[in-house]
Peer 1: 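Pasting a structure here, questions to come.
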Amino acid sequence: MEKLKRTKISDLLKETDKDKVVNVKGWVRTKRGNKNVTFIALNDGSIIHNIQIVVEAGNIDEQILKLINTGACLSVTGTLVESFGKGQGVEIQAKEIEVYGQADPETYPLQKKGHTLEFLREIAHLRPRTNTFGAVLRIRHAMAYAIHKYFNDNGFYYLHTPIITGSDAEGAGAMFRVTTLDMDNPPRTENGQINYEEDFFGKSTNLTVSGQLEGELGALALSLIYTFGPTFRAENSNTPRHLAEFWMIEPEMAFYDITDNMDLAEDFLKYLVNYALDNCIDDLQFLNKMYDTTLIERLKGIVETKFVRLSYTEGVDILMKSGVKFEYPVKWGCDLQAEHERYLVEKHFKKPVILTDYPKEIKAFYMKLNDDGKTVRAMDVLFPNIGEIIGGSQREENFETLSKRIEELNIPTKDMWWYLETRKFGTAPHSGFGLGFERLILFVTGMLNIRDVIPFPRTPKNAEF
RNA sequence: UCCUACUUAGCUCAGUUGGUUAGAGCAUCUGACUGUUAAUCAGAGGGUCGCUGGUUCAAGUCCAGCAGUGGGAGCCA
């Protein structure tokens, strides 16, 4: 007899052709019933919904039924029928069940009842089997796909920037060292320093903190590029918004000024949120019901709202006139604190805000200096609840101005000669920004902790899974 | 890294002024129930009270140190 092919539950629930024999495989969410009939809710991760398996007494060996508990993996063959129970449209009348893997109910940690997200973090190897993580991971996938689709459809090329980098002056934070030297007995130079000339690359290397500098090289050849890859920061940050390993999207565009850059960022974010609403509504509805009943409303709001665009100077003005007593007092030149950003986004405007033209002292060396000589063409996109979701700028394309900034900030140029050469040979106005992928997923899912929107979070003191 | 709160059964949590045998709900196990919807009902088992030390006749409870986790801050995406 020909082997019956497995049908995904997502397809079965759409099936209109009833009374046919199908095979379904998945993991048991709940089992209940009496001595005449047993009901099994089966989920295969293809969709948030389960399919109900109905086992009439006598159809399946009782010994096999006994092996089936929450968490067990089954292959079920049976007839797809319209359900005459209330909770579902269709169900499967089981004819044959093979138990692929049992799950001992005494030790299997996932119960039918809800768990706290903190507990689920301790069992990151099993949490994808929960409704919540299934929904988050499917949305995460959809967003990754939508990012590639958006850029591809708009003429951007996907540039793969290196994970291992030889420059340690990218200025975005502390780095993880990459080495093959024997840490117990490293080679030394004459004055006792570790001799990285004997290391794998013949120099000291680290994991990247940003693909931007290499991204600029790509943009100054292909015009429109983006990167989408893992990024590493060895900062001892313990917050619900930071990871030591996270994914970042960094478009870089030749011939874009700061306004073009803002237009792109706004259009891009709206496209992604809209994509989630169009393609992930089942999962969003689940999250909306279980975690945040204003989620879908808020997502729709983002798509329809025009983001506020405001200079740093205007922002400081609003904060000073607000009469609010902040823990950190505001004055022109200070870096804006979380409380300041939150006031502007959540209290004053109640919508996303793009802040521009920050004082040069509080921003990175590569940002283009404005004519006033005091501010740079930076732009931060601030979202409600999340804070800074995008940071970007028009880049300084003038060789002399850039060299002077690098000198002022005492950045070692030895490892960055290649970056500076782009300003020597056919320099061009260009802009770009970085979007933290997990922060986007936080916003789209309504989750509150960044550790719950990446399958295997890397944070200080945590690399178990 | 700083501030702050928390850590008691598999999970979520009570636990009074320091005082006899540390409780509940859910989960698990056993049984009942003719179609259930995180089924229901009855019964049973289940604890090194985060770790180390201290105070005391007596510590889950008070004190100190350490660890882990949550929240806030800084760094940023």
Peer 1: Give the dot-bracket string for RNA chain B, reading 5' to 3', where a pair is Watson-Crick or G-U wobble with both distances under 3.5 Å, ( ) marks pairs inside the strand, [ ] marks pairs crossing earlier ones, | marks a partner on another strand, and . marks unpaired.
Peer 2: (((((((..((((.....[...)))).(((((.......))))).....(((((..]....))))))))))))....

Peer 1: Under the 3.5 Å rule, do the base of B/C76 and the side chain of A/His242 count as making a donor-acceptor pair?
Peer 2: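 Answer is yes: a donor-acceptor pair is held.
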
Peer 1: Mark yes or no for a side-chain to base donor-acceptor pair under 3.5 Å between A/Arg439 and B/C76, with no hydrogen or angle criteria applied.
Peer 2: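 Check passes, donor-acceptor contact within cut-off.
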
Peer 1: Identify each atom pair where a protein N or O and an N or O of nucleotides 26-28 of chain B are less than 3.5 Å apart, giving names and distance.
Peer 2:
unit_1, atom_1, unit_2, atom_2, d
B/U28, O2', A/Glu106, OE1, 2.9
B/U28, O2', A/Glu106, OE2, 2.7

Peer 1: How far, in whole Å, is B/C49 from B/A9 if one measures between their C1' atoms?
Peer 2: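 One C1' to the other, the span is 10 Å.
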
Peer 1: Roughly how far apart, to the nearest Å, are B/G47 and B/G23 at atom P?
Peer 2: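 One P to the other, the span is 13 Å.
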
Peer 1: When you measure from the side-chain N and O atoms of A/Asn34 to the phosphate of B/G35, is any distance below 4.0 Å, counting only OP1 and OP2?
Peer 2: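 Yes, A/Asn34 has a side-chain N/O under 4.0 Å of OP1/OP2 on B/G35.
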
Peer 1: When you check every protein heavy atom under 4.0 Å of nucleotides 67-72 of chain B, what one-letter string (B, S, -) results, 5' to 3'?
Peer 2: -S-SSS

Peer 1: Identify whether a stacking contact exists between A/Phe246 and B/A77, where the ring centres must be under 5.5 Å apart and the planes under 30° apart.
Peer 2: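 A/Phe246 vs B/A77: stacking yes.
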
Peer 1: Measuring from A/Leu213:CG to A/Glu252:CD, what's the distance to the nearest 0.5 Å?
Peer 2: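 These two atoms lie 9.0 Å from each other.
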
Peer 1: How far, in whole Å, is B/U16 from B/A59 if one measures between their C1' atoms?
Peer 2: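 So the two C1' atoms sit 15 Å from each other.
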
Peer 1: Quick one: do the A/Ser393 and A/Lys368 side chains pair a donor with an acceptor below 3.5 Å?
Peer 2: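 A/Ser393 vs A/Lys368: no donor-acceptor pair found between side chains.
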
Peer 1: Validate the cation-pi geometry between A/Lys149 and A/Tyr271: distance from NZ or CZ to the six-membered ring centre under 6.0 Å, angle to the ring axis within 45°.
Peer 2: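 A/Lys149 over A/Tyr271 ring: no.
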
Peer 1: Are a donor atom and an acceptor atom from the side chains of A/Asn23 and A/Ser75 found within less than 3.5 Å of each other?
Peer 2: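 Looking only at side-chain atoms, A/Ser75 and A/Asn23 do form a donor-acceptor pair, the distance falling under 3.5 Å.
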
Peer 1: For B/U7 and B/G15, measure between their C1' atoms and round to the nearest Å.
Peer 2: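 The same atom, C1', in both gives a distance of 15 Å.
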
Peer 1: If only side-chain N and O atoms of A/Ser237 are considered, is one of them under 4.0 Å from the OP1 or OP2 phosphate oxygen of B/C76?
Peer 2: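 Checking A/Ser237 against B/C76: no side-chain N or O falls below 4.0 Å of OP1 or OP2.
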
Peer 1: Is the gap between the ring centers of A/Phe151 and A/Tyr158 under 6.0 Å?
Peer 2: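 When the ring centroids of A/Phe151 and A/Tyr158 are compared, they turn out to be at least 6.0 Å apart.
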
Peer 1: Determine the Euclidean distance between corresponding C1' atoms of B/C26 and B/C63; express it in Å to zero decimal places.
Peer 2: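 To the nearest whole Å, 36 Å.
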
Peer 1: Taking the inter-plane angle between the rings of A/Phe465 and A/His125 on a 0 to 90° scale, is it parallel (under 30°), tilted (30 to 60°) or perpendicular (over 60°)?
Peer 2: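 Ring orientation, 0 to 90° scale: parallel.
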
Peer 1: Would one find a side-chain N or O of A/Thr231 under 4.0 angstrom from OP1 or OP2 of B/A77?
Peer 2: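 No, because none of the side-chain N or O atoms of A/Thr231 sits under 4.0 Å from OP1 or OP2 of B/A77.
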
Peer 1: Between A/Tyr419 and A/Tyr366 (judged by ring centroids, cut-off 6.0 Å), do the two rings come close enough to count as a pair?
Peer 2: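 Ring centres of A/Tyr366 and A/Tyr419 not closer than 6.0 Å.
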
Peer 1: Distance check needed: B/C76 P versus A/Glu341 CD, whole Å only.
Peer 2: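 Taking CD of A/Glu341 and P of B/C76, I get 11 Å after rounding.
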
